[in-house]
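Contents: one structure, followed by commentary.
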Amino acid sequence: MKKFILKRTLYAIICLFLASIFIFLLIRLNGTDAVMNYLQVSGIAPTNEAIEHTRIMLGLNEPIITQYIVWIKNALQLDFGTSYFTNRKIAPDLFEYLGNTLKLTSFALLITFVISIPFGVFSAIYKNHFFDYFVRIFSFLGVSTPSFWLGLLFILFFSVELNLLPPFGIGGINHLIMPALAISFMSIAINARFIRINFLQACNERFIAYAKMRGVGKYKIYSKHILFNSLLPLITAFGMHIAELFGGALVIENIFAYPGVGRYAVSAIYYSDYPVIQAFSMMMCFVFILINLITDILYAIIDPRIRYE
Amino acid sequence: MKKLFFVFILLISFLNSSELKVATSKNVGELNPHLYSPNEMFAQNMVYEGFVSYSQDNQIIPSLATSWEISEDGLVYTFYLRKGVKFSNGEDFNANAVKLNFDAIFANKQRHISFALVRAFDYLEVVNDYEVKLHLKHIYEPTLRELSLIRPFRFIAPSAMIDNNTKDGIKAPIGTGKWKFVDTKLGVYDKFVKNENYWGEKAKIDSIVCKIIPDPSSKVIALKTKEIDYIYTDGEISLEDFINLQKSDYQTLISKPLSTILIAQNTAKYPTNDINVRKAINMAINKDEISKYVFYGTRPKADFFYDDNVPNGKIDRSAYEYNPKKAKQLLLDNGWEFKNGFLEKDGKRLDIVISYIGINAEQKAISEVLQANLKEIGINLILQANESTIFYKRHRNGEFELIFNATWGAPYEPEIFMASMVAPAHADYMAQIGLKQKPLIDENIEKLSKTMNKDEKSKLAKEILTILHDEAVYIPIVYHTNICVASPKLKGVKTSILKYEIPFDDIEIKE
């Protein structure tokens, strides 16, 4: 097991290193020019002198390899440099924004599980009944509704019409409800369908038939045998949901004026703010590689066959 | 008893305090008066002042200098400073503060090198506590107008500088302006309060909170849920939302024309190097349609390079009339022939490329109207969407046939803006380079900033604008305006002729 964890961790580190090179090159070789953008946003005429001076000021006059070495060396010490546009150190801002996003996505993940598990389970138990139809329609709508549109609808209904929830900003749990619901809508839909299918599959397994033959009660079969087995694949889905929720947050944070990392990244992309884009991309890679690693290890613990593959 | 009285006074002042809630898209930055992005210009303008200001009727008016004299040779500007002015922290404003600010600005000269005044500046002489002389190396007539710009010639309290410098940041944003910057929360808000030390008429409201709401639709919802009271400037909300708000109780204002949105035609590149092609394009475009359908009537159509309200901007010419038939005839008379629905000459189809910024919805919509208009006269307009930095590179190196451009607005017009036409780094230079009159244009522009004679200046500016009009170098599309939406509870809401100023000073909250 130790060997398995070590091997997987080593893979993760290599992945992160390759990602850093890929991100760095992609930003620099995509044909955009941060200097021109900087001058444009600053209202400075792009004279040759101004371009030259700004290039030096932003450290873009050095060869790419030198720029990469300086960046990766500092990034390893969690110093991601200074934003071209806010002129502020990136690390503290990124972590402050990330904290807010984690609060939002954790809440959204909680909502996802709290709603999708009963939806999936009861939809399977009451297959082809009213509740099952309801969940199936809900799932269909959930996967096909854009989160930003849903966000705006929530604001119009709950804030403008009913005056129940604050439409923007950050504060208590009230500020989290609408954005979290908007970004978790798709995950709830996917998860409910997923659990329903797993539950129904588990119902057809032999061990359930044997349990029934042994005279085990219906509710005991549901709770002890079927539910546990149908929820196991959720470990894999967990990683997938985190990705969905982070992706959703990128859009939703703008709609709800929520000061999260998604909003930080979107404005950085808009302004070709290279150091912020790099830091954000690396952070996202780190999060996903870490989640994959945790998922792999958890699975290996639960299912010993995995670790011997 | 004393304590109770104090609490009572605090409570009364709290209940009486008025706060304006404004929607913005990002934090205002550290508010360094001598630096650019991310310092938001409207906020720099609230906190800092310079020697002079620019009035709503295009005049230079006193600000921290009560009066000034210009020497006969035009090389020395003597400023008489306002007495009794204090920075918002109580520090005195005087010649010493002016000197330290100028030293800080010129310690970072490379950063400001695109300003002609920076290049013309020689040295600053302190005569006494309230008199300074600004010496120039050569005559630069728009000096006062450059001094009225929001940055970099505005004054920060010397104690707020770091080692008498501002190039690496400031300790705190302390100015003499009507407002004090008091609080900020990353990505959430910025707060200003009224400067009680202000030397002139104080602001009418007590504080302003700029709430950060990046999404335009969300700003409108914030207005409806009373999270904010006020939205100002261009691009903050969609024009469609603005038109809908016009039908509601909200106050909606459109400013006077501020600048011109135009398309530059490259006179050095086929096929726009042909004056008949340039003129035909000018006559084929239905600008009324663009103003009505793209801008919902919020921006008037532009017939000339400058609107009439720009000093020396009016020329003695009539506009190119919208007449597709005449445009088509002009091309047919000059050797173009119709083949398969498009014009051809020497076996080459009349294809023209228009470059625009891909994510700019307005430019895209205008281009689409142009494409339909030009198709009517047999020109195949090809739409080329660019990433913004690539678009500006095209500006610089002249890799375009038609490209979107804009004038800068007051107080840059016409001399400061025209000066950019001489620099090869601009689309204007590249667009004009094919004209045989280009040397004359450049010569006039050089003279324009060096003559102190008003009549001479007017003559030179008009000559330049007339050549550009006659040669049909530009296609003026619409005059740019700013829009403003305010809650019905506000009074004193108005617009400004300055593109980057938000006129907060007269706003009051009705009882």
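Every chain is numbered from 1 and lettered A, B, ... according to where its sequence line falls, protein lines coming before strand lines. Side-chain atoms are counted along with the backbone in the values below, which use heavy atoms only and exclude waters and symmetry mates. Given the structure is predicted, the values throughout are model-derived calculations rather than measurements.
Chain A forms more heavy-atom pairs under 4.5 Å with one residue of His426(B), Lys224(B), Lys393(B) than with any other, namely Lys393(B). The candidate with the highest count of non-hydrogen atom pairs below 4.5 Å against chain A, out of Leu186(B), Val188(B), Asp215(B), is Leu186(B). Options Ser420(B), Ala423(B), Pro214(B), Ser388(B) differ in how many heavy-atom pairs under 4.5 Å they form with chain A, and the most are formed by Pro214(B). Counting heavy-atom pairs closer than 4.5 Å to chain A, the top residue among Arg111(B), His112(B), Glu30(B), Gln110(B) is Arg111(B).
Contacts of Asn100(A) with chain B are absent, with no heavy-atom separation under 4.5 Å from either backbone or side chain. Interface residue Tyr97(A): only side-chain heavy atoms are found under 4.5 Å from chain B. Contact annotation for Tyr271(A): only side-chain heavy atoms (C-beta onward) come within less than 4.5 Å of a heavy atom of chain B. Within the 4.5 angstrom heavy-atom criterion, only side-chain atoms of Ile113(B), from C-beta onward, approach chain A. In this structure, the portion of Glu387(B) lying under 4.5 Å from any heavy atom of chain A is its side chain and not its backbone. Residue His395(B) does not touch chain A at all, counting heavy-atom pairs closer than 4.5 Å. With a 4.5 angstrom heavy-atom cutoff, Lys26(B) touches chain A only via side-chain atoms. Heavy atoms of Ile390(B) lying under 4.5 Å from chain A belong exclusively to its side chain. Neither the backbone nor the side chain of Lys211(B) has a heavy atom closer than 4.5 Å to any heavy atom of chain A. Proximity to chain A (any heavy atom under 4.5 Å) is restricted, for Thr225(B), to the side chain, taken from C-beta onward. For Ile255(A), the parts sitting under 4.5 Å from any heavy atom of chain B are the backbone and the side chain alike. Interface residue Ala222(B): backbone and side-chain heavy atoms are both found under 4.5 Å from chain A. When heavy atoms are compared at a cutoff of 4.5 Å, Ser272(A) approaches chain B solely by way of its side chain, counted from C-beta outward.
Classification of the Phe404(B)-Tyr356(B) ring pair by plane angle, with boundaries at 30° and 60°, yields perpendicular. Ring geometry, Phe138(A) versus Phe185(A): the interplanar angle exceeds 60°, so the pair is classed perpendicular (tilted spans 30 to 60°). In this structure, Trp408(B) and Tyr412(B) have perpendicular ring planes: the angle between them is above 60°, well past the 30° mark.
Panel note: side chain Glu146(B), backbone Leu117(B); a donor-acceptor pair is recorded below 3.5 Å.
Aromatic rings from Tyr84(A) and Tyr38(A) are positioned such that their centres are separated by 6.0 Å or more. When ring centroids are compared, Phe106(B) and His34(B) stay outside the 6.0 Å threshold.
The 12-atom threshold is not exceeded at NZ of Lys226(B), counting heavy atoms of other residues, nucleotides or ligands nearer than 6.0 Å.
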